[in-house]
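A note on names: the letters A, B, ... follow the listed sequences, proteins ahead of strands, and every chain is numbered from 1. Small disclaimer: the values here were computed from a predicted structure and weren't measured.
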Number of protein chains: 2
Amino acid sequence: MATTARRTPDDLVRTPAALAALVPRLRRICGEDGVLTDLSQRRTYESDGLTRHRSTPGVVAMPTTTAQVRDVISLCAEHGVPYVPRGAGTGLSAGALPHAEGVLLVTSRMRRILEIDPENECAVVEPGVANLDITRAAEPYGYHYAPDPSSQQVCSVGGNVAENSGGAHCLKYGFTAGHVRGLEIVTPSGEVVELGGKAPGAHGYDLLGAFVGSEGTLGVATRVTVSLTRSPQRTVTLLSAFTSLDAGGEAVGAIIAAGVLPSAVEMMDALAVEAAEAAVACDYPAGAEAVLVVELDGPAAEVDAQVRRVTELCAASGSFGTRTASGAEERALIWKGRKSAFAAVGRISPAYIVQDGVVPRTALAEMLGRIASLSAESGIRVANVFHAGDGNLHPLVLFDDAEPGAAERAEEVSGAILDLCIEHGGSITGEHGVGVDKACKMPRMYDDTSLETFDLFRRAFDPEGIANPDKLLPTPRLCGERPEVRTGVHPLVASGDAEQF
Amino acid sequence: MATTARRTPDDLVRTPAALAALVPRLRRICGEDGVLTDLSQRRTYESDGLTRHRSTPGVVAMPTTTAQVRDVISLCAEHGVPYVPRGAGTGLSAGALPHAEGVLLVTSRMRRILEIDPENECAVVEPGVANLDITRAAEPYGYHYAPDPSSQQVCSVGGNVAENSGGAHCLKYGFTAGHVRGLEIVTPSGEVVELGGKAPGAHGYDLLGAFVGSEGTLGVATRVTVSLTRSPQRTVTLLSAFTSLDAGGEAVGAIIAAGVLPSAVEMMDALAVEAAEAAVACDYPAGAEAVLVVELDGPAAEVDAQVRRVTELCAASGSFGTRTASGAEERALIWKGRKSAFAAVGRISPAYIVQDGVVPRTALAEMLGRIASLSAESGIRVANVFHAGDGNLHPLVLFDDAEPGAAERAEEVSGAILDLCIEHGGSITGEHGVGVDKACKMPRMYDDTSLETFDLFRRAFDPEGIANPDKLLPTPRLCGERPEVRTGVHPLVASGDAEQF
């Protein structure tokens with residue numbers, strides 16, 4: 001690791017001219033086609049999935065090998081130039097927001113599946129591989145890669161590692177961290193380090209676990225060994241409607257209390273259902289104030305028994321319109337409404353903010369009541385779509401960007417929801433990460449001692465502060481003296497990718 | 001965190017006199033009965049479960065609250081005095097080996113179960129609570145604490161966290177790290193930090209994960225929030241015998257390949273079975289070259305189907321003497337032989353070394369062949385008892401401590417087995433930790449860059465090097481210039497605790 005003295009951000013190269021001087025060396029490392037300097041090309045990288053934060057990268061480097069990643073980062077370290085790693089750019093916390101005077105290190109050309117090892121139930125892949133491509137490669141052996149962000153068709157495994165991504169099925173199968181066995185990383189000082197490996201086992205510090213979710217601040221993963229999960233014998237999806245959110249929440253509580261562990265428990269409120277119907281005509285039961293989607297998987301005999309039990313428990317909470325599906329197509333039909341919900345909100349509102357927070361599952365009902373009150377008081381509509389099983393909320397805060405001050409009021413409601421999450425013993429992000437977006441919220445979660453501990457850890461890896469600066473932890477530059485400074489709020493546009501969230 | 005310059009170990013207080021000066025202050029912190037200075041009392045703490053490493057602590061402090069732990073550690077930090085945390089002392093890697101000029105910080109008086117929260121499926125406990133006591137407290141609610149080291153009746157949760165302990169059922173349920181949701185810790189500079197909490201969710205660095213398994217080098221856990229696991233509807237234990245280790249290994253491979261995930265898959269070879277029979281008359285099938293114990297748990301319908309499948313697969317590999325048990329008493333009878341195996345070896349050998357290594361499961365057969373060759377070449381008998389499902393070997397290297405040079409030869413064989421583990425893509429410890437015992441082996445697992453990264457991480461938390469020095473990472477003092485220096489090898493005595501391992 002580098003032992004040079006820590007530089008403050010102001011010491012970093014700030015002028016495009018100084019950065020331009022590095023371009024020939026970057027080209028020698030990544031090849032002519034591996035470096036982008038044209039403004040029009042660089043602009044395509046100006047945001048990740050959270051488009052209200054934008055910044056055009058100084059230069060874009062697209063290495064194809066670990067050695068190239070090492071050389072790019074070593075060059076940055078040598079010149080004190082900041083760099084930002086980026087996978088597919090589907091993140092929702094501006095964790096891959098480029099640095100205007102830095103290098104954007106894009107891993108999209110590192111997309112080889114190096115090995116599918118069914119005997120040891122794992123796969124070894126490059127960081128640019130799309131999440132779903134692992135499952136596609138493993139399926140012939142009866143396996144799949146369990147963590148399933150809704151963007152799984154395009155999001156990269158490297159990005160999943162950086163953000164410790166979740167997904168609808170993480171209720172049963174857990175987050176990315178539980179599925180990464182080994183990593184090859186390049187540290188911010190340009191050294192290649194192996195963490196973990198194919199064999200399970202505990203020895204030394206679990207820096208593997210700490211690296212997952214570190215949002216690129218500790219280095220770049222250049223090779224990822226993930227566990228493969230045996231595909232279940234049977235999967236059944238159940239849809240149930242309720243006359244109130246409370247009744248739906250009661251059913252969720254009863255299911256968990258009965259010892260049934262579904263692979264997914266998703267809930268949508270009336271406004272989210274309305275949006276989904278408008279967009280994809282998903283044919284959810286009319287008059288539903290809450291719709292519950294429960295998926296059960298495992299051995300056929302067990303799943304069948306569980307479906308009966310879940311149906312009974314939903315009925316006991318006053319469900320109606322319950323239907324089940326076990327074929328892939330029928331199941332996709334039930335999921336269609338849920339998966340389209342975020343993008344569909346664009347049909348009923350010109351703009352919206354997607355929030356991500358988490359509360360202990362038992363605080364869900366109380367939390368939804370508080371959100372409803374917030375919405376009523378502010379006159380800002382909030383649609384709720386959430387992973388009910390693990391208390392992970394995704395409130396959609398709707399506003400009209402043509403109305404002066406509406407974006408700011410929506411931001412306020414959105415921030416107040418996070419405060420409520422903290423107040424209820426939860427946290428400011430369930431699965432989307434901290435990034436730039438929530439870095440200034442971290443002091444609401446952690447006291448100074450904890451934040452200093454985080455910073456100490458970060459600086460041990462990145463003494464110069466060049467690895468994805470301004471992400472994850474609050475900085476004076478980013479947050480100023482006020483508890484929170486909002487970066488320019490751009491009107492949000494509903495994403496065209498219906499499966500983005 | 002402290003920002004004082006890093007002291008080298010030689011700067012530390014080395015004289016009992018200097019340490020003695022701290023005693024009055026320790027007494028003010030922990031009370032008169034919370035500090036032990038008498039040699040006879042201190043001697044009872046001279047080793048953990050790995051009795052060949054011994055060192056009498058300079059002084060023993062037994063705090064009862066977080067504030068007392070903080071004050072003891074702050075005092076150590078202020079005076080540069082090393083301290084070693086200790087739970088119940090059942091560890092097997094000399095991870096709690098006391099420091100002769102330091103404070104032994106014993107958590108055994110912090111043993112309150114603070115909360116059982118069945119709704120959120122978790123418990124909050126103090127570090128000195130015995131592992132099994134969590135299960136006892138959770139059972140009335142239909143839950144248990146899943147990680148189950150064989151020493152679970154006595155080993156402490158704090159020690160489990162420090163060592164990231166495993167157990168027979170970790171095949172299905174995972175190690176301690178997968179069950180710790182939150183920690184209150186005191187860092188080596190005496191600051192109280194919260195890591196994680198009751199709600200799942202990912203934000204900031206997962207220092208929680210890195211703390212678990214850090215062997216006390218990053219601080220002392222003073223409060224632990226663990227997940228509770230719903231107790232299965234049915235549990236069935238199956239015993240099968242084979243005419244060769246290969247046939248047993250083949251059965252294990254077939255079970256895993258069939259997609260069955262038992263909660264435990266344990267194997268014993270003929271020598272281990274012989275020892276168990278001599279000690280507890282467990283009535284395992286005569287003529288067995290390998291005995292397999294498979295436990296299946298879950299919903300009754302699923303378990304019954306799995307038992308049939310496992311029985312068929314064992315038969316296909318030539319099993320004999322297969323029997324199953326579902327009642328608690330009958331199951332205990334099957335487990336009796338396995339659980340007594342380690343201690344039982346004392347019946348057939350005056351002394352032995354318990355080794356702990358891990359290989360990818362698919363390398364097990366090859367590995368057992370190599371161990372057999374090693375044994376034949378050296379004339380040193382090796383009994384094999386292992387967690388076959390996850391490739392975690394516990395070879396028992398037998399020797400006669402009355403025979404000159406025998407202990408050294410046994411150590412050589414024991415070390416050679418670890419080298420074979422590394423050679424086969426595995427690691428030097430599966431579940432017992434690194435401690436003092438294997439610190440000098442770490443360079444065989446990790447290159448210099450990785451070890452420097454570990455050291456950098458450790459120093460970020462412990463700039464003065466006072467927290468459990470000489471454990472986990474190699475130091476010149478411990479390992480000298482040679483790749484490995486053995487600390488005084490004492491003859492081993494079979495433990496009286498049949499469930500120790």
Side-chain angles (χ1 to χ4, degrees), chain A residues 1 119-120 142 164 166 175 177-178 187 191-194 197-207 209-210 212-214 230 259 298-299 301-302 305 358-362 390-392 425-431 433-434 442 445-446 449-450 452-454 456-461 472-473, chain B residues 1 119-120 142 163-164 166 175 177-178 187 191-194 197-207 209-210 212-214 230 259 298-299 301-302 305 358-362 390-392 425-431 433-434 442 445-446 449-450 452-454 456-461 472:
Chain A
M1 309 284 287
E119 267 199 309
N120 286 305
N164 188 21
F175 286 75
T187 69
E191 301 193 61
V192 180
V193 176
E194 294 277 349
K198 273 191 185 182
H203 42 81
Y205 296 115
D206 181 16
L207 295 181
V212 178
S214 65
R230 184 162 282 272
E302 179 189 352
V358 63
V359 292
R361 191 181 44 72
T362 49
D390 46 15
N392 187 186
S427 85
I428 56 171
T429 167
E431 56 183 10
V434 175
M442 290 288 272
M445 290 276 319
Y446 296 102
T449 308
S450 298
E452 279 162 28
T453 305
F454 282 163
L456 217 56
F457 177 55
R458 181 177 190 157
R459 294 303 166 197
F461 279 80
L472 194 62
L473 295 179
Chain B
M1 309 286 286
E119 267 199 309
N120 286 305
E163 300 295 331
N164 189 20
F175 286 75
T187 68
E191 301 193 59
V192 180
V193 176
E194 294 278 348
K198 273 191 184 181
H203 43 81
Y205 296 115
D206 182 17
L207 296 180
V212 178
S214 65
R230 185 162 282 270
E302 179 189 351
V358 63
V359 292
R361 193 181 43 72
T362 49
D390 47 14
N392 187 187
S427 85
I428 57 171
T429 167
E431 55 183 11
V434 175
M442 290 288 272
M445 289 277 318
Y446 295 102
T449 308
S450 297
E452 279 162 29
T453 305
F454 283 163
L456 216 56
F457 177 56
R458 180 176 191 158
R459 294 303 167 197
F461 279 80
L472 195 61

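When each of G209(A), G259(A), G298(A), G142(A) is checked for heavy-atom pairs under 4.5 Å with chain B, G259(A) comes out on top. If you tally non-hydrogen atom pairs under 4.5 Å between each of N120(A), V192(A), L473(A), V212(A) and chain B, the highest count goes to N120(A). Looking only at heavy-atom pairs under 4.5 Å with chain B, the residue among E302(A), E194(A), R361(A) that has the most is E302(A). Each of G178(B), G425(B), P299(B) has some count of heavy-atom pairs under 4.5 Å with chain A, and the biggest count is that of P299(B).
Closest non-hydrogen pair, A460(A) versus L456(B), comes out as O-CD2, 2.8 Å. The heavy-atom pair separating Y205(A) from A210(B) by the smallest distance is CD2-O, 4.4 Å.
Put simply, the side chain of L207(B) reaches to within 4.5 Å of the side chain of T453(A), judged on heavy atoms.
Both the backbone and the side chain of E119(A) come within less than 4.5 Å of a heavy atom in chain B. R230(A) touches chain B through its side chain: at least one heavy atom from C-beta onward sits under 4.5 Å away, while N, CA, C and O do not.
Here the straight-line distance linking atom NZ of K198(B) with atom OG1 of T362(A) works out to 7.5 Å at 0.5 Å rounding.
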